[in-house]
Structure formats: structure tokens, C-alpha cells
Amino acid sequence: MKNLDTYAISELKLIYSILHSQVLEHIDLMDSDLLQDLQIFLQSKAKTDNVDVSDHGQWDSWLSK
């Protein structure tokens, strides 16, 4: 099994965005360890790009790049 840091950030952003967009349709995703781990991983990468992840606009903008 690969670590998350071996995948392309663009691929992880896409997967996260798709999963996150489905949370209201699939409530079990809210408790998903994978989704939580992916979010934490991506937020740490965003912070290294000087993104304030608590600012939803900045976070969404970074995810869509």
C-alpha cells in the first residue's frame, strides 16, 4: 500500500473534492477515516503553500488549482 504522499496532489484534490461533495448524500462519509486522513494530508500541503485552511475561500481555491 502506498502512502498518500506518493500520489499526485492534483489527483488527491480531485478525489477529496468528489468525496466531500457527496457527504450530504452519503452521511457515512462524515465518519470516514480515509476522508479525514485525506483532508488532514491536503490541509498540511496547503499550509506549506501559505493557504489559510480555516478560510473556506482560500481552501476551495487551493483545492481547485
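Everything quoted here is computed from the prediction, not taken from an experiment.
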Checklist outcome for this item: NE2 of H20 to CG of L42, rounded to nearest 0.5 Å, is 11.5 Å
Checklist entry - Which heavy atom in K45 sits nearest to a heavy atom in I9, and how many Å separate them? => result CG-CD1, 3.8 Å
Item to check | Any donor-acceptor pair under 3.5 Å from D55 side chain to Q58 backbone | outcome: yes
Next on the checklist: With a 4.5 Å cut-off on side-chain heavy-atom distances among I, L, V, M, F, W and Y, is there a chain of contacts connecting L4 to Y16?
Outcome noted: yes
Checklist entry - Would a 4.5 Å heavy-atom cut-off, applied to side chains only, mark L63 and L14 as touching? => result no
Next on the checklist: In this structure, would L35 and Y7 fall into the same cluster of hydrophobic residues linked by side-chain contacts under 4.5 Å?
Outcome noted: yes
Item to check | Taking every non-hydrogen atom, the tightest pair across S61 and S64 | outcome: O-OG, 2.9 Å
Checklist entry - Does K13 make a cation-pi contact with W62, if we ask for NZ or CZ under 6.0 Å from the ring centre and within 45° of the axis? => result yes
Checklist entry - Taking the side chain as C-beta and beyond, is there a heavy-atom pair between W59 and D52 under 4.5 Å? => result no
Checklist entry - To the nearest 0.5 Å, what is the distance between OG (S17) and CD (Q22)? => result 11.5 Å
Item to check | Within 6.0 angstrom of L24 CG, more than 12 heavy atoms from elsewhere | outcome: no
Checklist entry - With hydrophobic residues grouped by side-chain heavy-atom distances under 4.5 Å, do M30 and I15 end up in a single group? => result yes
Item to check | Nearest-0.5 Å distance, CG of residue L38 to OG of residue S32 | outcome: 9.0 Å
